[in-house]
Amino acid sequence: MARLDGKVAIITGAARGQGASHARAFVAEGAKVIIADVITGAGEFLAAELGDNAIFVKLDVTDRDNWNNVIEEAEHKFGPVNVLINNAGIFRTAPIEEVTEEDYRLIISINQVGPFLGMKAVLPSMKKAGGGTIVNISSIGGLGGSLNGVAYVASKHAVRGMSKVAALEFAQHGIRVNTVYPGAINTPMIQQGSATDQSVVEATLAAIPMHRVAEPDEVSKLVLFLASDESSYSTGADFVIDGGVTASV
Ligand code: NAD
């Protein structure tokens, strides 16, 4: 028996990066996967690669109607949803003095309101399924501060708080809710922008005790564990995967 047999999983932001890696890992372990993302082309391409056990459904995590549509499509194709991975997110930096209100609200809307809407939308389906597991992707930025990251850091701290509240509220329904805090992961999110500046890359690596970034599949192994029944007694808990960055604080 595969580790995710019987699981119907919605993974947001799964068209690329860590979400795509989770989708591949989940299907390989027997799950039915809904690849949910705003990026249509890459999402459909991945669904085709993964075959009958995956579908792509367009989702903007900030849109409540989109969420209802994803749940409907998932139930129609595979049955009630028992796994939700709230992975979609965006990252932008600017000092508080310069960050615009519009940008602040956009980051909060995707990174914070998105997972809230997701947990709310999936609850009836998980109750129908007889239980489930939710994994919310925060960041080590959700555990402390990071220079020029006001909106991102605020949104990721919020993910930590709402996961704990959801864990307390949903335990009675057999639904577990855990939070993952990645450090630097090799995806388009860090491959763009400042990551192309060699001095920034060197400074980032110097701050990581393991002196390397992680590959997405290393995070997938942790997320898969949390999505599976192997983590049956973990809820409301924090799982850090950062090469040791937060060990010294
Ligand atoms: P990524 O940029 O490669 O992937 C993010 C995905 O989210 C993309 O496919 C994008 O289209 C999708 N997305 C963005 N806005 C969306 C929206 N409104 N609705 C639906 N989908 C949307 O980055 P990644 O590294 O794979 O990021 C995955 C998660 O991990 C994010 O929550 C991110 O904040 C978190 N994280 C990443 C790192 C890192 O170093 N890469 C570190 C800590 C935390």
Side-chain angles (χ1 to χ4, degrees), residues 10-25 33-47 56-67 69-70 84-93 103 105-118 121 134-144 146 149 151-160 162-163 179-195 200-201 204-205 207-208 210 212-220 222-223 226 238-243 245-246:
I10 295 174
I11 306 177
T12 71
R16 70 177 197 200
Q18 295 176 67
S21 170
H22 304 339
R24 288 191 177 95
V33 170
I34 295 85
I35 298 161
D37 205 299
V38 276
I39 304 177
T40 305
E44 282 173 346
F45 196 75
L46 179 61
F56 170 77
V57 181
K58 187 161 187 190
L59 168 72
D60 178 343
V61 294
T62 67
D63 185 311
R64 195 177 49 196
D65 293 338
N66 272 204
W67 269 110
N69 180 53
V70 170
L84 170 65
I85 313 298
N86 272 317
N87 165 79
I90 60 167
F91 176 71
R92 291 182 187 177
T93 54
D103 243 25
R105 288 187 188 277
L106 176 70
I107 293 168
I108 295 295
S109 175
I110 295 173
N111 294 4
Q112 176 179 337
V113 181
F116 162 71
L117 291 177
I134 298 173
V135 181
N136 290 326
I137 308 297
S138 178
S139 160
I140 55 170
L143 294 169
S146 100
Y152 186 78
V153 164
S155 72
K156 293 300 189 179
H157 274 260
V159 168
R160 178 171 198 248
M162 78 172 81
S163 301
T179 313
V180 169
Y181 302 84
I185 316 298
N186 187 19
T187 70
M189 184 173 278
I190 65 162
Q191 288 155 5
Q192 294 155 354
S194 59
V200 174
V201 172
T204 304
L205 291 179
I208 303 171
M210 289 179 71
R212 68 173 181 85
V213 300
E215 292 305 318
D217 68 299
E218 296 181 86
V219 184
S220 298
L222 173 57
V223 173
L226 293 172
D238 297 326
F239 294 84
V240 176
I241 175 160
D242 70 350
V245 172
T246 54

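In each ligand, atom 1 is the first atom listed, and ligand 1 is the first ligand listed.
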Close approach, [X] and ligand 1, non-hydrogen under 4.0 angstrom:
X	answer
S138	yes
A42	no
I110	yes

Item to check | Under 3.5 Å side-chain donor-acceptor pair for S138 and T179 | outcome: no
Which of the ligand 1 atoms, numbered from 1, are nearer than 4.0 Å to a heavy atom of [X]:
X	value
G17	3 (O), 26 (O)
L59	19 (N), 20 (C)
Y152	33 (C), 34 (O), 35 (C), 36 (N), 43 (C), 44 (C)
I137	29 (C), 30 (O), 35 (C)
P188	3 (O)

Suppose we measure from [atom] to each protein heavy atom; which comes out shortest, and what is that distance?
atom	answer
atom 25 (O) of ligand 1	T187 OG1, 2.6 Å
atom 19 (N) of ligand 1	V61 N, 3.0 Å
atom 43 (C) of ligand 1	P182 O, 3.3 Å
atom 32 (O) of ligand 1	N87 O, 2.7 Å
atom 16 (C) of ligand 1	V38 CG2, 3.7 Å
atom 40 (O) of ligand 1	I185 N, 2.9 Å
atom 18 (N) of ligand 1	D60 OD1, 3.1 Å
atom 21 (N) of ligand 1	A88 CB, 3.5 Å

How far apart are the closest heavy atoms of [X] and [Y], and which atoms are they?
X	Y	value
I108	A154	CD1-CB, 4.2 Å
S155	I107	OG-CG2, 4.1 Å
I241	V219	CD1-CA, 3.9 Å
G89	M189	O-CE, 3.5 Å
N87	I137	CA-CG1, 3.7 Å

Item to check | Atom CZ of F116 with >12 non-hydrogen neighbours under 6.0 angstrom | outcome: no
From the options [options], select the one whose nearest heavy atom is closest to [atom].
atom	options	value
atom 10 (C) of ligand 1	I90, D37, V213	D37
atom 27 (O) of ligand 1	R16, Q18, K156	Q18
atom 42 (C) of ligand 1	G183, A36, G118, P216	G183
atom 23 (O) of ligand 1	K58, Q191, M189	M189

Checklist entry - Would you say A14 has any N or O atom under 3.5 Å from an N or O of ligand 1, going by distance alone? => result no
Next on the checklist: Geometry only, no angles: is A184 polar-contacting ligand 1 at N/O separations under 3.5 Å?
Outcome noted: no
Next on the checklist: With a heavy-atom distance limit of 4.0 Å, tell me whether I190 approaches ligand 1 through its side chain, its backbone, both, or neither.
Outcome noted: side chain
Nearest-0.5 Å distance, [atom1] of residue [X] to [atom2] of residue [Y]:
X	Y	atom1	atom2	result
Q18	H22	CD	NE2	5.0 Å
W67	I10	CH2	CD1	6.0 Å
D65	L59	CG	CG	11.5 Å

Item to check | I134 and N86: CA distance, side-chain angles, deciding distance, side-chain contact (heavy atoms from CB on, under 4.5 Å) verdict | outcome: CA-CA 8 Å; I134 298 173; N86 272 317; 4.3 Å; yes
Checklist entry - Are any non-hydrogen side-chain atoms of I35 and I11 less than 4.5 angstrom apart? => result no
Checklist entry - Are any non-hydrogen side-chain atoms of D238 and Y181 less than 4.5 angstrom apart? => result yes
Item to check | Donor-acceptor contact below 3.5 Å, side chain S109 vs main chain T62 | outcome: no
